[in-house]
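This report concerns only the one structure given below.
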Amino acid sequence: MDHHARKLFDEMPQLNCPRTVFSFNALLEAYLKSEKYDKIGGLFRELPPKLSIEPDLVSYNTGIKALCRAGLLDSAVYLMDEIENHGIKPNIVTCNTLLKAFHESKRFSEAESLWAMMEKRNIIPDLCSYNIKLTSLVKAKEVSKAIQFFEEIVNKGFKPDNFSYSAMIKMYVIKGNLEEVNMWYDKMTQNGCLPDVSTLTILISFACSAKKIDFALDLCKKAMNSRKAIHNTIMQRVVNCLVEHSKIENARELVKLAESYKSFPYELSLPLHS
DNA sequence: ATAGGGTTAG
């Protein structure tokens, strides 16, 4: 949709809307979301001089993210240094963007250096920073390190959130450890953290593969009762599993419940004659 | 306003 965004941006004066750095940032965001990473540099060169818009930290953070997404991590780091030369100080968002990119590229020592730099420069790592590192440990299947790191998050005084618990749950999903998945799900709810759509997606998908079909059904109902729109394919999988386990009435009930669900247009079928 | 986790079958 980047073209639509650009068209509207160009039409703003005729619509009596002044173009500010906010509109410029929204335009950058549209290009980022459309994965037009290579076009973002051009926007920076073209628009600010022409419209006397001064790009701000949010603009540059978006630019840095685009470079990371495009696989140009070194350029992203360079841009962070460059904006600082122009008097704009990186913040926690800048650092977390780069932190994630370093971990995804397995450039762990640079991730560690960045973390140390943050602490030195009083850009205090927040829960998001910790979750990035936790997710990275999970991806590397470093089970004991992940457990230890989760403890560290708690000891630092953070209240683990959906991202933190999702990471731990995901780790045991990868391991196929049903007991631990359940343990972490319980721990999550007991600590007053209600699973969101992403966490429910992981849990429901795992419950289906582990043939814990009642658990899957229960989670689907929970999702709909709390107005959380689980993806259609996940819901269909639960319906299929119910049918496979001859729980036809439950399957019917779930399809009906989904049909009456107003927030999302579910299209589910009962595979009864397959 | 910008940063972190999530589907799918054969």
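Residue numbers begin at 1 in each chain, while the letters A, B, ... track the order of the sequences.
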> Can you say whether the rings of A/F158 and A/Y130 are parallel (under 30°), tilted (30 to 60°) or perpendicular (over 60°)?
Replying inline: tilted
>> I'd like to know whether the aromatic ring centres of A/F215 and A/F206 sit less than 6.0 Å apart in this structure.
In response: no
>> Would you say CD of A/E152 has more than 12 non-hydrogen atoms from neighbouring residues, nucleotides or ligands within 6.0 angstrom?
In response: yes
>> Looking at every heavy atom in both A/Y266 and A/M235, which two are closest together, and how far apart are they?
In response: CE2-CG, 3.5 Å
> What about A/T233, does its side chain sit under 3.5 Å from the base of B/dT7 through a donor-acceptor pair?
Replying inline: yes
> How long is the line joining CG of A/N91 and C1' of B/dT2, in whole Å?
Replying inline: 8 Å
>> Which nucleotide wins on minimum distance to the side chain of A/V93, given the candidates B/dT7, B/dG5, B/dA3?
In response: B/dA3
> Under a 4.0 Å N-O cut-off, is there an ion pair linking A/K256 with A/E259?
Replying inline: no
>> Among residues 24-50 of chain A, which ones have heavy-atom contacts with DNA chain B below 4.0 Å?
In response: A/N25, A/E29
> Out of B/dG6, B/dT8, B/dA3, which has the shortest distance to the side chain of A/T97?
Replying inline: B/dA3
> Which nucleotide in the set B/dT7, B/dG5, B/dT2 lies at the smallest distance from any side-chain heavy atom of A/F163?
Replying inline: B/dG5
> A/V197 near the nucleic acid: base, sugar-phosphate alone, or nothing, with a heavy-atom cut-off under 4.0 Å?
Replying inline: base
> Rounding to a whole Å, what distance do you find between A/Y60:OH and B/dA3:P?
Replying inline: 18 Å
> With under 30° as parallel and over 60° as perpendicular, where do the rings of A/W184 and A/Y165 fit, or are they tilted in between?
Replying inline: tilted
>> Among A/I169, A/L194, A/L219, which residue satisfies the side-chain contact (heavy atoms from CB on, under 4.5 Å) criterion with A/T199?
In response: A/I169
>> What is the distance, to the nearest angstrom, from the OH atom on A/Y165 to the P atom on B/dG6?
In response: 18 Å
>> Rounding to an integer number of Å, can you tell me how far A/Y185 OH sits from B/dG6 P?
In response: 19 Å
>> I need the CG-P distance between A/L114 and B/dA3, as an integer number of Å.
In response: 17 Å
>> Do the side chains of A/E112 and A/R107 get close enough for a salt bridge, i.e. N-O under 4.0 angstrom?
In response: no
> A/I202 side chain: which of B/dG6, B/dG5, B/dA1 is closest?
Replying inline: B/dG6
>> Does this structure show an ion pair linking A/K221 with A/E253, if we count only N-O contacts that are shorter than 4.0 Å?
In response: yes
>> Whole angstroms only, please: what is the CD1-C1' distance between A/I132 and B/dG5?
In response: 11 Å
>> Measuring from the side chain of A/H231 (C-beta onward, heavy atoms only), which nucleotide among B/dG5, B/dT7, B/dA3 has the closest atom?
In response: B/dT7
> So does A/K212 have more than 12 non-hydrogen atoms from other groups sitting under 6.0 Å from NZ?
Replying inline: no
>> Quick one, A/D10 and A/R19 - any side-chain contact, counting heavy atoms below 4.5 Å?
In response: yes
>> B/dT7, OP1 or OP2 - any side-chain N/O from A/R237 closer than 4.0 Å?
In response: no
> Phosphate oxygens OP1/OP2 of B/dG5: is one of them under 4.0 Å from a side-chain N or O of A/K139?
Replying inline: no
> What is the distance, rounded to the nearest whole Å, between atom NZ of A/K228 and atom P of B/dT7?
Replying inline: 17 Å
> For DNA chain B, what residues of residues 62-80 of chain A have any heavy atom nearer than 4.0 Å?
Replying inline: A/K65
> Does the B/dG5 base have a donor-acceptor partner in the side chain of A/T199 within less than 3.5 Å?
Replying inline: yes
> Any idea which of B/dG5, B/dT7, B/dA1 is nearest the A/I234 side chain?
Replying inline: B/dT7
> Of the nucleotides B/dG6, B/dA1, B/dG5, which one has an atom closest to the side chain of A/K170?
Replying inline: B/dG6
> Which value, rounded to the nearest 0.5 Å, describes the distance between A/L134 atom CG and A/K170 atom NZ?
Replying inline: 13.5 Å
> Among residues 119-130 of chain A, which residues get a heavy atom nearer than 4.0 Å to DNA chain B?
Replying inline: A/D126, A/L127, A/C128
> Do you know which two heavy atoms are closest between A/P55 and A/V21, and how far apart they sit?
Replying inline: CA-CG2, 4.2 Å
> Between the base of B/dG6 and the side chain of A/D196, is there any donor-acceptor pair under 3.5 Å?
Replying inline: no
> Could you give the CZ-to-C1' distance, from A/F102 to B/dA3, as a whole number of Å?
Replying inline: 15 Å
